[in-house]
Amino acid sequence: MPKFKKAERLCNSIDINHLFSVGQTISQYPIKIKWLPAQCDNNVQLKVVISVSKHRFKRAVDRNRIKRVMRECFRLNKHILQQVLETRQCYLALIYTGKEIADFTTLEPIIIGLFHRLTKEYEKLAG
RNA sequence: UCAAUGUGUUCUGUCGCUUGAAGAUUUAAAUCUUUAAGAGGAAAGUCGGGGCAAUAAAGGGCGCCAUACUUCCUAACGGGAAGGUUCCGCAACCGGCGGAAACAGCAAGUGCCACAGAAAACAACCGCCUAAGUGAAGUUUACUUCACCGGUAAGGGUGAAAAUGUGGGGUAAGAGCCCACGGUAUGAGUUGGUAACAACUUGUGCGGGUAAACCUUAUGGAUUGAAAGACCAAAUAUACCUGAAGGUUUCUUGCAAAGGAAACAAAGAGUGCCCGCUCUUUUCAGGGGGGUAGGUCGUUUGAUUCCGGAGGUGACUCCGGAACUAGAUAAAUGACAGGAAUCAGGGAAACCUGAAACAGAACCCCGCUUACAGCAUUGAACGG
RNA sequence: GGCCCUGUAGUUCAAUGGAUAGAACGGAAGUUUCCUAAACUUUAAAUAUAGGUUCGAUUCCUAUCGGGGCUA
């Protein structure tokens with residue numbers, strides 16, 4: 001069963017700053033992904049930040065809604081990345097750049113496509 | 001339609017998140033299994049007030065800020081309840097009802113009042129009056145005219161606002177100068193009321209407005225906010241202490257052994273020299289304080305919620321019983337699928353299609369303000 | 001989370017409670033020119049919203065809605 005525990009979230013502010021300053025970007029409307037190969041002590045393959053801009057969505061209800069939908073998409077589809085990574089590790093930041101509130105049904109294919117692109121990029125970088 | 005009050009849809013399946021409890025695995029932590037719980041009436045705005053914490057404190061004054069009819073409620077408040085007064089409205093008078101009020105003091109001081117207007121505050125520009133006083137002229141010799149000195153707020157196209165209204169007396173002309181009836185401010189007394197205040201009697205007064213202008217009076221307020229604060233504590237550097245290794249030079253106490261102090265950087269000093277020994281520097285090891293990353297507590301048992309009874313016009317209070325009810329921290333409370341109830345449209349019906357607001361806890365309470373679909377209840381001011 | 005400041009033409013700024021809210025740049029129209037630029041003339045355009053105090057509010061007060069800053 002796909003799960004999403006606290007250990008898979010990126011909470012350290014130093015790591016987050018490093019990811020946003022050094023990491024590489026791929027994007028497809030309305031989602032942008034920053035990613036960076038990393039090394040960490042734990043046995044976790046992926047560490048993720050999910051972010052929605054306060055500037056675009058002023059009400060907290062809307063932001064929570066989008067973040068929950070994005071988290072659900074990541075939870076159900078992260079096996080695509082995990083197969084490629086095997087024992088290696090990676091930091092991710094999912095950023096929502098759209099202006100309207102999106103459904104689960106519209107977001108899921110976009111995220112699957114982005115993850116497939118990301119696997120190709122990662123293999124190019126690694127090997 | 002508007003306003004107020006109440007309510008703020010719900011069930012099942014699969015997968016997932018946070019916290020608590022129990023059990024298992026293993027290495028203390030992590031993982032797995034079972035089970036329980038998991039967003040609002042405003043969680044929002046951050047506008048008042050309080051708890052709590054730190055800092056400063058022996059107390060007081062000035063300053064600054066806030067409040068301002070009365071009594072009460074409350075932990076407290078700029079909140080609330082009941083009442084009073086003034087104003088507005090319900091078509092005028094009376095009563096009644098509905099609504100609003102930053103509702104102490106410009107009769108303490110200072111400032112301001114554009115334009116217009118004689119004048120915007122110690123009112124004399126025009127007008128009215130020459131009775132009294134002085135001078136001149138005329139003649140009827142005690143009068144007239146003129147001038148000076150004056151008197152006067154009754155009238156004057158303005159303005160938001162022009163000096164208490166009407167009538168009479170009075171006067172040279174006038175004037176609360178006097179009188180009557182009013183208006184209004186205030187002092188005293190009586191009655192009613194806890195009080196604000198009301199009614200009546202009586203004295204004194206009446207040169208505008210503005211305090212959401214400075215200000216005066218009275219009352220209250222220390223400052224900063226959980227990112228407060230308390231505790232534990234990697235890595236790195238290290239004050240200090242102990243032990244081991246380990247020099248040189250100088251001074252000093254002492255017969256000597258030995259001890260003390262200072263400097264130097266790779267050794268120095270102590271004996272005439274060497275070995276040895278001692279000290280210092282230095283190096284290593286251990287301890288150790290403060291403290292960063294990080295973590296724990298603060299943190300959810302409280303001015304708590306529900307039920308019943310009693311008191312009070314009411315806000316609210318008291319008594320008894322029962323219950324434990326989110327606790328995240330780059331931030332959980334979700335996703336998908338299928339129903340039920342509500343509303344709208346279509347349809348004879350079965351049913352089909354669509355809609356469902358405002359909005360997301362962050363230390364905790366009490367209020368206020370603002371937003372709000374649908375449903376329910378209540379109200380939306382009259383007689384003589 | 002907490003604490004502050006601020007809102008005026010399209011933009012940047014003025015205006016002691018007092019006449020029709022002013023200036024610069026920009027916009028529009030015209031003059032000039034063969035055309036453009038420059039220059040000149042004219043013109044449109046604003047007090048965030050809603051109440052209140054006052055004779056009168058951009059200014060004073062209250063609430064709401066925006067914008068910005070500080071605090072780790």
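Letters A, B, ... mirror the listed sequences (proteins, then strands); counts begin at 1. Bear in mind that the values here come from a model prediction, so they are computed numbers and not experimental data.
- Both distances falling under 3.5 Å, in either a Watson-Crick or a G-U wobble arrangement, occur for no nucleotide opposite B:A28.
- The CD1 atom of A:Ile111 sits 8.5 Å away from atom CZ of A:Phe104, with the distance rounded to the nearest 0.5 Å.
- Because its glycosidic torsion is within 90° of 0, B:U325 is reported here as syn.
- Taking the C1' atom of each, B:G51 and B:U301 are spaced 15 Å apart, rounded to whole Å.
- For the C1' atoms, the distance linking B:G83 with B:A196 amounts to 8 Å, nearest Å.
- The same atom, C1', is picked in B:U70 and in B:G311; the two are 25 Å apart, to the nearest Å.
- In a base pair of the Watson-Crick type (N1 to N3 plus N6-O4 or O6-N4) or a G-U wobble (N1-O2 and O6-N3), with each distance short of 3.5 Å, B:C277 is matched with B:G270.
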Self-check item: side-chain contact (heavy atoms from CB on, under 4.5 Å) assessment of A:Val69 paired with A:Asp103
Solution: CA-CA 7 Å; A:Val69 169; A:Asp103 265 351; over 6 Å; no

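- Base pairing of B:G117 is not made with any nucleotide, judged by Watson-Crick or G-U wobble geometry with both donor-acceptor distances under 3.5 Å.
- Under the Watson-Crick or G-U wobble criterion, with both distances below 3.5 Å, B:U12 is paired with B:A337.
- Pair assignment for B:U253: B:A258, on the basis of Watson-Crick or G-U wobble contacts that are both within less than 3.5 Å.
- Rounded to the nearest Å, the gap between the P atom of B:A44 and that of B:C2 is 29 Å.
- Following chains of ILVMFWY side-chain contacts shorter than 4.5 Å, one cannot reach A:Val84 starting from A:Ile112, and the two form parts of different hydrophobic clusters.
- Rounded to whole Å, the P atom of B:U216 lies 14 Å from the corresponding atom of B:G109.
- A:Cys73 contributes atom SG, which lies 9.5 Å from atom CG of A:Leu94 (distance to the nearest 0.5 angstrom).
- Between the P atoms of B:A245 and B:G290, the separation comes to 33 Å (whole Å).
- Taking CG of A:Leu107 as the start and CD1 of A:Ile31 as the end, the distance is 4.5 Å to the nearest 0.5 Å.
- A glycosidic torsion no more than 90° from 0 defines the syn conformation, and B:G41 adopts it.
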Short N/O separations, protein against nucleotides 354-359 of chain B, under 3.5 angstrom:
| unit_1 | atom_1 | unit_2 | atom_2 | d |
| --- | --- | --- | --- | --- |
| B:A359 | OP2 | A:Arg59 | NH1 | 2.7 |

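- In a base pair of the Watson-Crick type (N1 to N3 plus N6-O4 or O6-N4) or a G-U wobble (N1-O2 and O6-N3), with each distance short of 3.5 Å, B:G83 is matched with B:C69.
- The distance from atom CG of A:Leu36 to atom CD of A:Gln24, rounded to the nearest 0.5 Å, is 8.0 Å.
- Note that OG1 of A:Thr25 is 10.0 Å distant from CH2 of A:Trp35, once rounded to the nearest 0.5 Å.
- Nucleotide B:G6 forms a Watson-Crick or G-U wobble pair with B:C375, both donor-acceptor distances falling under 3.5 Å.
- With the nearest nucleotide of RNA chain B identified for both A:Asp62 and A:Thr105, A:Thr105 has the one nearer the 5' end.
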Quiz item: Taking protein heavy atoms under 4.0 Å as touching, what does nucleotides 326-335 of chain B look like 5' to 3' if B marks base contact, S marks sugar-phosphate-only contact and - marks none?
Solution: ---SBSSBBS

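- B:A173 is unpaired under the criterion used here, namely a Watson-Crick or G-U wobble arrangement in which both key atom distances are under 3.5 Å.
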Practice problem: Take A:Ile33 and A:Phe115 through the side-chain contact (heavy atoms from CB on, under 4.5 Å) test and state the conclusion after the steps. | Solution: CA-CA 9 Å; A:Ile33 296 184; A:Phe115 280 2; 4.0 Å; yes

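- Contacts of A:Glu72 classified as side chain to side chain donor-acceptor pair (under 3.5 Å), with partners at least two apart in sequence or in another chain: A:Arg75.
- What you find for A:Lys67 and A:Val52 is that their closest heavy atoms are CG-CG2, 3.5 Å.
- In B:G176 the O4'-C1'-N dihedral to the base is within 90° of 0, which defines a syn nucleotide.
- Distance noted for atom C1' between B:U46 and C:A63: 14 Å (whole Å).
- Under the 90° criterion around 0 for the glycosidic angle, B:U12 counts as anti.
- With C1' as the reference atom, B:U271 and B:C255 are 14 Å apart, rounded to whole Å.
- Between the CD1 atom of A:Ile80 and the CG atom of A:Leu114 there is a distance of 10.5 Å, given to the nearest 0.5 Å.
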